[in-house]
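First comes the structure, then the notes that go with it.
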Amino acid sequence: MTDPGFFDAVYQVVRQIPFGRVTSYGAIAKYLGSPQAARMVGWALNKSFDGKGFVPAHRVVNRFGLLTGKNYFGYSDTMKQLLENEGIMVEDDQIQNFEQKFWDPVKEMPEAEV
DNA sequence: GTTATGACTGCGA
DNA sequence: TTCGCAGCCATAA
């Protein structure tokens, strides 16, 4: 463990999101042990674009399934296109059947990797 | 070292 | 997905 930092922790979790699945900032933050730090999760994803490995940030949305960060992808349709590319239905910047596509790291990743 | 911001969440009305 | 306000953690300036 050393000190991976909050950002790296977020990246690792996001990368574990299966194809065609999505999760919320709070779910990731909760997995990290601080559900209140959900805002930091979004911030980390924002930095994920900065010369770092690719992170499926488009699979991370707020708990309403709304593409709150679509604007950070450069063009509004980018995030939407990526989600649709994974078979996720997106309507009005909002994921359809969100709870059906929802992927909770706390439940799906009971052990992760330490 | 302090202040302000943030891709959020939860609770009250 | 009600709307509005406050809180919490971590990073950047």
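A, B, ... follow the sequence lines: proteins, then strands. Residue 1 opens every chain.
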Once base and sugar-phosphate atoms are separated, protein heavy atoms under 4.0 Å mark nucleotides 6-13 of chain C, 5' to 3', with B, S and - as -BBSBSS-
note: Asn71(A), atom CG; dG6(B), atom C1'; distance rounded to Å ~ 14 Å
Please name the pair of heavy atoms, one in Ala57(A) and one in Val14(A), separated by the smallest distance, quoted to 0.1 Å. N-CG1, 4.2 Å
Between Ala27(A) and Phe102(A), which heavy-atom pair has the shortest distance, and what is it? CB-CZ, 3.9 Å
Could you go through nucleotides 1-5 of chain C and list every protein N or O atom that sits under 3.5 Å from one of its N or O atoms, giving the distance for each pair?
from	atom 1	to	atom 2	distance (Å)
dT1(C)	O4	Gln94(A)	OE1	2.1

Are any side-chain N or O atoms of Thr23(A) and backbone N or O atoms of Trp103(A), one a donor and one an acceptor, separated by less than 3.5 Å? yes
Got a second to check how far Phe98(A)'s CZ is from Ser24(A)'s OG, nearest 0.5 Å? 5.5 Å
What interatomic distance, in whole Å, is found between C1' of dC8(B) and the corresponding atom of dT1(C)? 14 Å
Which heavy-atom pair separates Asn62(A) from Tyr25(A) by the least distance, and what is that distance? N-CE1, 3.1 Å
Donor-acceptor pair, distance only, cut-off 3.5 Å: does the side chain of Gln94(A) make one with the backbone of Val90(A)? no
Using the salt bridge (Lys or Arg N to Asp or Glu O under 4.0 Å) rule, collect all pairs that involve residues 60-79 of chain A, keeping only residues at least two apart or in two chains. Lys70(A)-Asp93(A)
Does any N or O in the side chain of Tyr11(A) come within less than 3.5 Å of the main-chain N or O of Phe54(A), such that one atom is a donor and the other an acceptor? no
Looking for any heavy atom pair under 4.0 Å, which part of the strands does Asn46(A) touch: base, sugar-phosphate only, or nothing? base
Output all residues satisfying side chain to side chain donor-acceptor pair (under 3.5 Å) with Glu86(A), sequence neighbours left out; order by chain, then residue number. His58(A), Arg59(A)
Around Phe19(A), counting heavy atoms of other residues, nucleotides and ligands shown, do more than 12 lie under 6.0 Å from its CZ? yes
Protein N or O to nucleotides 11-13 of chain B N or O, pairs below 3.5 Å:
none

Counting only heavy atoms and a strict 4.0 angstrom limit, can you tell me which residues of residues 22-30 of chain A come near DNA chain C? none
At their closest point, which heavy atom of Val61(A) faces which heavy atom of Met79(A), and how far apart are they? CG1-CE, 3.9 Å
Mark yes or no for whether Glu91(A), through its side chain, and Met89(A), through its backbone, hold a donor-acceptor pair below 3.5 Å. no
Classify the nucleic acid contact of Phe73(A) as base, sugar-phosphate or nothing, counting any heavy atom under 4.0 Å across all strands shown. base
Single-linkage hydrophobic cluster Leu83(A)~Leu66(A), side-chain heavy atoms < 4.5 angstrom: no
